[in-house]
A.B. asks: 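Can you read through this structure? Questions will come right after.
As the structure is a computational prediction, the values presented were derived from the model and not from experiment. Read the numbers this way: they start at 1 and go in the same order the structure lists the ligands and their atoms.
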Amino acid sequence: MVGKLLIYRGLTLSFKAKDLMTDFYAVIGNPIAHSKSPIIHHAFADLTRQDIQYERVMAPLDGFAETVGSLMAQGFKGANVTVPFKLEAFEIASQLTERAQDAGAVNTLIFTPQGIIGDNTDGVGLVRDITENIGVSLKGKRVLLIGAGGASEGVLHPILAAQPAMLIITNRTLDKALNMVKRVEARDEMVYVSVQAHAFDDLQDQQFDIVINATSAGLTDSQLPLPSTIFAPNALAYDMMYGRITPFMAFARQHGATVFDGLGMLIEQAAEAFYIWRGVRPDTSPVIEMFKQAQPST
Ligand code: NDP
């Protein structure tokens with residue numbers, strides 16, 4: 001197994017005994033060159049003294065399942081999955097965790113002799129960043145979730161589990177937000193939180209304590225049609241994007257909110273995957289700090 005792995009990685013030389021002990025992981029996406037996951041996981045491995053190697057793997061758009069099969073054959077222990085393969089990862093998993101079922105998508109694969117387990121760590125990553133790193137409780141708060149794509153679906157149930165007073169979902173394509181609400185309503189245990197879908201136009205005269213941007217509008221520098229009155233006093237504005245100051249972040253700051261980007265979520269979702277694979281929870285704060293030093297401040 002390990003011999004094949006070394007050929008795959010372009011290494012054909014003899015290797016030290018340590019290499020035989022190394023466990024291999026990957027992040028699979030297309031494109032993938034931008035992914036920070038190898039840096040994050042190697043930092044976790046250093047902090048926790050775990051012997052792992054973590055690679056970026058570019059899968060062909062029509063070749064995700066084959067890529068996963070190849071990694072398994074080479075002895076990899078697991079993989080993270082990013083755009084555009086989270087739904088395919090959900091499909092190929094032979095077993096799904098509850099949070100993967102809730103999210104309808106998988107971002108973490110565990111390879112076992114019995115098959116592939118699919119999990120989703122995005123939601124717990126977001127909630128941990130907000131509650132533990134930023135130090136803001138979601139409990140009893142009025143929360144606005146903007147967007148109804150994969151990221152929004154992934155964080156919906158973990159947000160509800162944190163018991164906000166109300167959650168409004170808004171999206172450019174309103175039907176997608178309405179469908180998310182319908183699915184929540186179909187689950188009895190979530191009824192203690194008021195969950196509704198509103199069009200952007202219907203957000204006038206409403207204020208929120210926490211506003212989470214789960215759209216990709218920042219990628220194209222697009223401004224979201226939000227009323228300027230939307231932020232309650234001391235509101236938190238959280239953009240899942242990271243590495244750039246988006247129009248949403250600039251707008252939120254201009255209207256009095258405290259602004260955070262998605263760097264902490266990225267690192268927390270990775271920490272949860274690392275914990276699942278290794279059974280050790282890394283301290284995320286030095287890794288968040290390392291990345292903050294290297295990116296423009298939000
Ligand atoms: P999807 O493509 O699944 O969904 C995109 C969402 O953005 C949809 O709701 C879409 O609305 C909306 N949208 C896109 N452009 C605009 C626009 N110009 N105006 C208004 N709405 C717009 O993407 P994901 O959900 O997977 O990702 C969303 C964002 O979250 C990305 O920026 C991604 O990088 C980030 N993310 C960050 C993570 C982290 O760890 N920090 C983890 C996962 C995601 P519509 O339905 O109308 O098309």
A.B. asks: Checking side-chain polar atoms at under 3.5 Å, does Ser70 have a donor or acceptor matched by the opposite partner on Glu66?
C.D. replies: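 Side chains of Ser70 and Glu66: no pair found under 3.5 Å.
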
A.B. asks: Gly149 heavy atoms, cut-off 4.0 Å: which ligand 1 atoms fall inside?
C.D. replies: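 Those of ligand 1 that fall under 4.0 Å from Gly149 are 3 (O), 4 (O), 9 (O), 25 (O).
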
A.B. asks: So is there a nitrogen or oxygen of Asn171 less than 3.5 Å from a nitrogen or oxygen in ligand 1?
C.D. replies: yes

A.B. asks: Please could you name the atoms of ligand 1 that Tyr242 approaches to less than 4.0 Å, counting only its heavy atoms?
C.D. replies: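 Taking each heavy atom of Tyr242 in turn, ligand 1 has 41 (N) under 4.0 Å.
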
A.B. asks: Given Asp119, which partner from the list Thr97, Asn107, Thr108 fulfils the side chain to side chain donor-acceptor pair (under 3.5 Å) test?
C.D. replies: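 Filter result, single survivor: Thr97.
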
A.B. asks: Could you walk me through whether Arg172 and Leu224 pass the side-chain contact (heavy atoms from CB on, under 4.5 Å) check?
C.D. replies: CA-CA 9 Å; Arg172 181 174 61 181; Leu224 296 166; over 6 Å; no

A.B. asks: For ligand 1, which is the ligand I care about here, please tell me if Thr220 has any N or O atom under 3.5 Å from one of the ligand's N or O atoms.
C.D. replies: no

A.B. asks: Is the number of heavy atoms from other residues, nucleotides or ligands within 6.0 Å of OH (Tyr275) greater than 12?
C.D. replies: no

A.B. asks: Can you find a protein heavy atom closer to atom 45 (P) of ligand 1 than 4.0 Å?
C.D. replies: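 Given the 4.0 Å limit, the answer for atom 45 (P) of ligand 1 is yes, a protein heavy atom qualifies.
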
A.B. asks: Indicate whether the side chain of Asn80 and that of Ser37 have a donor and an acceptor atom separated by less than 3.5 Å.
C.D. replies: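 Short answer, no.
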
A.B. asks: In terms of ring plane angle, is the pair Phe274 and Phe44 parallel, tilted or perpendicular, where the classes change at 30° and 60°?
C.D. replies: perpendicular

A.B. asks: Give every residue pair that meets the salt bridge (charged side-chain N to carboxylate O under 4.0 Å, His left out) criterion with at least one member in residues 205-218, sequence neighbours excluded.
C.D. replies: Arg142-Asp209

A.B. asks: Under 4.0 Å, heavy-atom basis, I'd like to know which part of Thr173 is in contact with ligand 1: side chain, backbone, both or neither.
C.D. replies: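 The part of Thr173 near ligand 1 is both the backbone and the side chain.
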
A.B. asks: Gly262 versus ligand 1: do any nitrogen or oxygen atoms come within less than 3.5 Å of each other?
C.D. replies: yes

A.B. asks: Would you say that Asp122 contacts Met240 through its side chain, given a criterion of any heavy-atom pair below 4.5 Å between the two side chains?
C.D. replies: no

A.B. asks: Does any N or O atom in Ser152 lie less than 3.5 angstrom from one in ligand 1, N or O only?
C.D. replies: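 No, Ser152 has no N/O under 3.5 Å of an N/O on ligand 1.
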
A.B. asks: Using a 4.0 Å cut-off to any heavy atom of Met241, which atoms of ligand 1 qualify?
C.D. replies: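 Counting from 1, the qualifying ligand atoms are 32 (O).
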
A.B. asks: So is Ser216 polar-close to ligand 1, meaning N/O to N/O under 3.5 Å?
C.D. replies: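 Yes, at least one N or O pair falls under 3.5 Å.
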
A.B. asks: Specify side chain, backbone, both or neither for Arg172, according to which of its non-hydrogen atoms lie closer than 4.0 Å to ligand 1.
C.D. replies: both

A.B. asks: At a 4.0 Å threshold, what atoms of ligand 1 neighbour a non-hydrogen atom of Leu224?
C.D. replies: 19 (N), 20 (C)

A.B. asks: In this structure, are over 12 heavy atoms from other groups packed under 6.0 Å from Lys36 atom NZ?
C.D. replies: no

A.B. asks: Report yes or no: does Ala148 have a heavy atom closer than 4.0 Å to ligand 1?
C.D. replies: yes

A.B. asks: Ligand 1 and Met240, any nitrogen or oxygen pair closer than 3.5 angstrom?
C.D. replies: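 N/O-N/O distance under 3.5 Å: yes.
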
A.B. asks: If we count only N and O atoms by modelled type, under 3.5 Å, do the side chains of Thr173 and Asp175 hold a donor and an acceptor together?
C.D. replies: no

A.B. asks: Would you mind listing which atoms of ligand 1 come within a distance below 4.0 Å of any non-hydrogen atom of Ala214?
C.D. replies: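 In order of numbering, the contacting atoms are 28 (C).
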
A.B. asks: For atom 11 (O) of ligand 1, is the nearest protein heavy atom closer than 4.0 Å?
C.D. replies: yes

A.B. asks: What are the atoms of ligand 1, with element, lying closer than 4.0 Å to any heavy atom of Ser222?
C.D. replies: 18 (N)

A.B. asks: Tell me whether Ala151 has any N or O atom under 3.5 angstrom from an N or O of ligand 1.
C.D. replies: yes

A.B. asks: For residues 123-135, which side-chain N or O atoms pair as donor and acceptor with protein atoms under 3.5 Å away, sequence neighbours left out?
C.D. replies:
| from | atom 1 | to | atom 2 | distance (Å) |
| --- | --- | --- | --- | --- |
| Arg128 | NH1 | Glu272 | OE1 | 2.7 |
| Arg128 | NH2 | Glu272 | OE1 | 3.3 |
| Asp129 | OD1 | Asn133 | ND2 | 2.8 |
| Asp129 | OD2 | Tyr238 | OH | 2.7 |
| Asp129 | OD2 | Met265 | N | 3.4 |
| Thr131 | OG1 | Val127 | O | 2.7 |
| Asn133 | ND2 | Glu268 | OE2 | 2.9 |

A.B. asks: At less than 4.0 angstrom from any non-hydrogen atom of Lys176, what atoms of ligand 1 do you find?
C.D. replies: 45 (P), 46 (O), 48 (O)

A.B. asks: Could you list which atoms of ligand 1 come closer than 4.0 Å to a heavy atom of Gly147?
C.D. replies: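 Atoms satisfying the 4.0 Å criterion: 9 (O).
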
